[in-house]
Amino acid sequence: MATPAPSPLVTQKKKHFIGVPAPLGYVAGVGRGATGFTTRSDIGPARDASDVPDDRHAPPNKRKKMQKDEEEEDDEDLNDSNYDEFAGYGGSLFSKDPYDKDDEEADQIYEAIDKRMDEKRKEYREIKLKVELERYRQERPKIQMQFSDLKRDLADVSEEQWKNIPEVGDSRNKKQRNPRPEKYTPVPDSLLAKAGISGESSHDPLQQGFSAGLMTPYPGSMSPGGIMTPGWATSSVDLDLRKIGQARNALMDIKLNQVSDSVSGQTVIDPKGYLTDLQSMIPMHGADISDIKKARLLLKSVRETNPNHPPAWIASARLEEVTGKLQTARNLIMKGCEMCPKSEDVWLEAARLQPADLAKAVISQALRHIPMSVRSWIKAADLETELKAKKKVFKKALGHIPNSVRLWKAAVELEDAEDARILLSRAVECCPTNTDLWLALARLETYENARKVLNKARENIPTDRLIWITAAKLEEANGNSRMVEKIVDRAVTSLRANGVEINRELWLNDAVECEKAGSVLTCQAIVRTVIGIGVEDEDQKHAWMEDADGCATQGAYECARAIYAHALSMFPSKKSIWLRAAYFEKNHGTRETLEAILQRAVAHCPKAEVLWLMGAKSKWLAGDVPAARSILSLAFQANPNSEEIWLAAVKLESENNEFERARRLLAKARASAPTARVIMKSVRLEWALGDLKKANTLIDEGIKQYPDFAKLWMMRGQILEQENRFSEARDVYNQGIKKCPNSIPLWMLLSQLEERNGALIKARSVLEKARLKNPKNPQLLLESIRVELRGGLKDIALTLMAKAMQECPNSGILWAEAIFLEPRPQRKTKSVDALKRCEHDPHVLLAVSKLFWTERKTNKAREWFNKTVKIDPDLGDAWAYYYKFELIHGTEEQQEDVKKRCVHAEPRHGENWCKVSKNVLNWRKRTEQILVMAASSLSIPT
């Protein structure tokens with residue numbers, strides 16, 4: 001029996017992964033999380049003999065490996081161009097070692113360190129680069145820096161100066177301008193004939209005209225048309241001109257036909273009226289034509305949308321007026337008058353646009369529509385030329401609008417005094433609440449009637465202060481001074497009763513106006529009444545002093561005087577108020593008023609030495625020496641042993657040639673009040689009188705008592721220099737420096753002594769020691785710079801200046817010197833920097849004034865000199881330079897004005913000023929004489 005065949009369902013198929021090599025890195029059981037066992041696959045291949053071998057991890061063949069190494073050695077490039085000092089040939093020193101993460105991290109660390117070190121040196125490197133650049137720019141400045149002052153001046157160039165700048169011509173030579181001679185190529189006759197017949201042209205007709213015979217190169221040459229021209233002008237020229245005209249007209253027709261219609265068919269240009277329309281356009285506007293068209297369309301839309309809107313008609317008319325179409329503007333505005341008959345602005349605009357004769361008709365028509373328009377009546381009066389017609393118009397206007405203040409004022413202005421009074425009497429009935437009309441009527445009335453008018457005005461307008469003030473001025477003008485104070489007091493009471501707040505500032509302004517009008521009593525009464533309103537008790541003094549200063553600046557001296565009087569009545573023992581009042585009288589009053597207030601001042605403040613001294617000086621300047629002595633004797637009684645009063649008495653006697661009395665006074669002062677200053681004045685008197693032995697004796701006594709008083713050492717040294725005992729003077733200065741190391745003038749005297757004796761190195765060392773003792777001192781730094789300049793060492797001086805500017809960046813005397821150390825083109829730039837640093841320093845302002853002087857800008861120099869003496873009137877050098885400037889460039893009036901202002905200011909300081917004023921030979925010179933001498937000793941700045 002045969003065996004049955006197996007069923008296909010039972011047949012087993014071979015798995016697809018059997019016999020297939022395992023993936024790389026495959027470990028059996030790892031995917032299921034199996035760990036901790038080892039299989040044959042970990043040790044070696046566990047495959048059947050029939051499996052496909054896996055040669056991916058087979059060891060390389062030794063023969064193939066040796067051949068490959070030999071090829072690599074043969075391919076290595078050993079050329080010199082491929083050699084590197086660090087990497088060797090071809091950069092293969094480390095090519096076989098991989099660049100791992102440790103190397104990358106090390107490189108990042110080194111790079112961060114280099115970056116940090118570079119940031120530390122960056123600031124020093126930038127400063128060094130900036131210094132080198134500045135030094136290079138000083139040696140070789142840019143053209144931009146050289147012309148910076150000229151560029152800055154361009155801001156002041158006016159429009160006319162711009163227009164007057166000449167055009168730049170052609171600076172090239174003749175060969176460059178005409179590299180090739182012009183050549184004229186004749187045009188064939190056939191082309192001209194064709195253009196004339198067909199009316200078409202592809203060339204410029206002007207060029208054709210020139211080529212057709214207008215310009216023949218030489219006389220007698222053959223013209224392009226074939227006609228021989230015997231001279232410059234022939235009969236053929238007329239024919240050629242006719243052809244030119246025909247060709248030009250033909251070209252114009254072609255262009256007009258091309259642009260006459262757009263693509264959409266809308267006509268853009270009218271060929272027939274083109275030229276006449278061009279002539280009618282007046283270029284009175286600077287706007288674009290397209291913008292005007294847009295504006296015209298917009299305004300047209302506004303008018304059609306809202307025809308009763310007056311601004312639309314006015315704007316449309318003004319647009320047409322600006323574009324030059326005046327008649328169109330008139331038509332539009334007249335149509336606007338039809339559409340808006342009740343609009344005042346439209347009628348006035350129509351009257352403005354119309355000529356004078358038609359404007360009257362327009363205004364009369366406007367008044368029929370709007371008879372209550374004040375502006376229209378005033379315009380109607382303005383259009384009239386005769387005075388009688390104007391009055392008639394105003395009378396008619398007042399008949400329609402009797403309560404218009406503007407019409408009443410305009411009508412009154414046209415009348416004489418009597419008629420104006422009648423009109424105003426009617427005006428106040430129609431407009432009883434207008435203050436101006438009442439006041440104008442009061443001015444025109446008599447005294448009695450004016451009082452009645454003002455009383456009626458107060459009844460109708462009880463809240464207006466001007467009526468009360470006018471009443472007070474009226475009483476003062478008529479000699480009734482007792483009523484002035486009462487009226488002002490009643491005014492304040494009445495206004496407060498009617499609920500009016502008393503504004504102190506407004507009343508003080510009214511007082512200033514009263515003084516300007518000549519009503520002094522009224523202004524003083526107002527000040528006394530309102531000065532204390534609204535001011536706290538603790539703020540009264542400060543507020544009143546500010547009010548007095550404000551009135552003085554406005555020129556209202558009587559108001560300021562009244563404020564001071566009220567303040568002194570409230571604070572009679574305040575020395576500061578008496579001083580301010582005295583200085584005010586000194587500046588703005590008379591000698592009598594000054595002496596009167598000083599007498600009152602010393603009675604209330606007998607311990608105030610300055611008040612006694614001011615009184616004595618006033619008497620002395622007036623020539624009343626006995627009165628000055630009596631004042632000083634009274635001052636001695638009130639202030640015994642006062643140094644200031646002793647010295648004032650000594651000066652009074654010495655100035656009046658009473659030298660023995662001055663010596664006795666100084667001896668008494670040394671006995672009763674032996675101060676250092678008293679001893680110094682004693683030495684100076686003996687020195688000035690020529691008794692040097694007595695002066696030295698007094699100096700010895702003074703040095704024993706006051707060894708740290710530097711002026712005594714200075715005077716001893718100067719006396720020795722005067723006697724040519726230079727070595728002893730040097731010893732005295734050295735001793736003084738030891739006792740007074742902070743005395744700058746003493747160090748400078750020693751340095752100048754060494755410099756005069758030719759020891760520049762010693763002078764320099766003295767100043768260096770002084771700067772060590774007194775660091776950052778501008779005077780010592782400036783003296784050091786000047787020593788180098790006087791020695792001819794400008795480079796060292798510039799270096800010192802740079803160092804000085806670092807130590808004292810805000811010193812005005814250093815900036816002033818630095819300006820003139822710069823080359824001329826860079827001075828203005830330096831002055832701008834100086835003004836930024838020291839805007840209000842008088843030395844910088846004086847340097848800028850001299851800078852304008854060197855540039856011959858006299859007006860600017862005079863303006864800056866004025867600024868300088870206003871900022872610091874005590875700087876004598878500014879006055880001296882100002883006076884020298886006026887002596888050269890000013891008039892006699894300007895010179896006298898400077899001298900007068902200088903005498904009034906009484907300057908005491910300044911390098912050149914003190915050289916003259918401190919000289920013993922000039923000890924009795926007045927300020928006016930010192931000014932002349934100081935100005936003559938100055939040199940013109942260059």
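We count residues from 1, following the sequence as given.
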Side chain W713, main chain N734, donor-acceptor under 3.5 Å
no
Which is it for F865 and Y881 under the ring-ring contact (aromatic ring centres under 6.0 Å, His included) test, yes or no, and what are the steps along the way?
CA-CA 8 Å; F865 275 124; Y881 272 108; 7.3 Å; no
Neighbour count >12 (heavy atoms, 6.0 Å) for atom CZ, R901:
yes
Taking R725 for the side chain and L720 for the main chain, is one N or O donor matched with an acceptor at less than 3.5 Å?
no
Both conditions, 6.0 Å and 45 degrees, for the charged tip of K850 above the ring of W853: are they met here?
no
Would you indicate whether L772, at its atom CG, is surrounded by more than 12 heavy atoms from other residues, nucleotides or ligands within a distance under 6.0 Å?
yes
Geometric cation-pi criterion, K899 with Y883: 6.0 Å, 45°:
no
Starting from the C-alpha separation in whole Å, work towards a yes-or-no answer on side-chain contact (heavy atoms from CB on, under 4.5 Å) for I930 and T927.
CA-CA 5 Å; I930 294 174; T927 303; 5.7 Å; no
Working for side-chain contact (heavy atoms from CB on, under 4.5 Å), residues W747 and K769:
CA-CA 9 Å; W747 286 102; K769 290 179 183 177; 4.0 Å; yes
Looking at side-chain heavy atoms only, is the closest gap between V916 and N919 below 4.5 Å?
no
Surrounding CZ of R926 (heavy atoms of other residues, nucleotides or ligands, distance under 6.0 Å), is the total greater than 12?
no
Any donor-acceptor pair under 3.5 Å linking the side chain of N757 with the backbone of L753?
yes
Keeping the roles fixed (side chain from D872, backbone from P842), state whether a donor-acceptor pair exists under 3.5 Å.
no
Near E132 CD, under 6.0 Å, is it more than 12 heavy atoms from other residues, nucleotides or ligands?
yes
For L760 and G791, which heavy atoms make the closest approach, and how far apart are they?
CD2-CA, 4.3 Å
Would you call K830 and F820 a side-chain contact if the rule is heavy atoms closer than 4.5 Å?
no
What distance do D700 atom CG and I679 atom CD1 have between them, rounded to the nearest 0.5 Å?
11.5 Å
Given E728, E754, E721, Q752, the one that forms side-chain hydrogen bond (donor to acceptor under 3.5 Å, both in side chains) with Y733:
E721
As an exercise, state the distance from OG of S811 to CD of E817, rounded to the nearest 0.5 Å.
10.5 Å
Report the distance from atom CG of D841 to atom CG of L875, rounding to the nearest 0.5 Å.
9.0 Å
I'd like to know whether K130 forms a side-chain contact (heavy atoms from CB on, under 4.5 Å) with E134, so could you lay out the CA-CA distance, the side-chain angles of the two residues, the decisive distance to 0.1 Å, and finally the verdict.
CA-CA 6 Å; K130 186 178 180 181; E134 289 179 355; 3.6 Å; yes
Using a strict cut-off of less than 4.0 Å between a Lys/Arg side-chain nitrogen and an Asp/Glu carboxylate oxygen, indicate whether R771 and E783 qualify as a salt bridge.
no
Taking atom CD of E906 as the centre, does the number of heavy atoms from other residues, nucleotides or ligands within less than 6.0 Å exceed 12?
yes
Find the distance between CG (N866) and CH2 (W864) and round it off to the nearest 0.5 Å.
12.0 Å
Hey, does the side chain of Q894 reach the backbone of T891 with a donor-acceptor pair shorter than 3.5 angstrom?
yes
For residues S849 and T868, report the shortest heavy-atom separation together with the two atoms involved.
OG-OG1, 3.7 Å
Verify the neighbour count for atom NE2 of H840: are there more than 12 heavy atoms of other residues, nucleotides or ligands below 6.0 Å?
no
Run the side-chain contact (heavy atoms from CB on, under 4.5 Å) check on K711 and Y706 step by step: do they pass?
CA-CA 10 Å; K711 288 189 177 181; Y706 304 100; over 6 Å; no
The side-chain contact (heavy atoms from CB on, under 4.5 Å) partner of F852 among E863, R862, K860 is K860
Would one find more than 12 heavy atoms of other residues, nucleotides or ligands at under 6.0 Å from atom CD of E111?
no
Measure the spacing between CG of D708 and CD1 of I703 and express it to the nearest 0.5 Å.
11.0 Å
Donor-acceptor contact present, side-chain D877 to main-chain W913, <3.5 Å
yes
N774 (side chain) donor-acceptor with S743 (main chain) under 3.5 angstrom
no
Looking at L835, is its backbone amide N or carbonyl O close enough to the side chain of W815 to form a donor-acceptor pair, meaning the two atoms are under 3.5 Å apart?
no
Enter the distance from E126:CD to R121:CZ here, rounded to the nearest 0.5 Å.
13.5 Å
S765 side-chain N/O to K762 backbone N/O, donor-acceptor pair under 3.5 Å:
yes
Check whether N587 reaches the backbone of Y583 with its side chain - one donor and one acceptor, N or O, closer than 3.5 Å.
yes
What are the two closest non-hydrogen atoms of P873 and P907, and how far apart are they?
O-CB, 3.7 Å
More than 12 heavy atoms of other groups within 6.0 Å of E536 CD
no
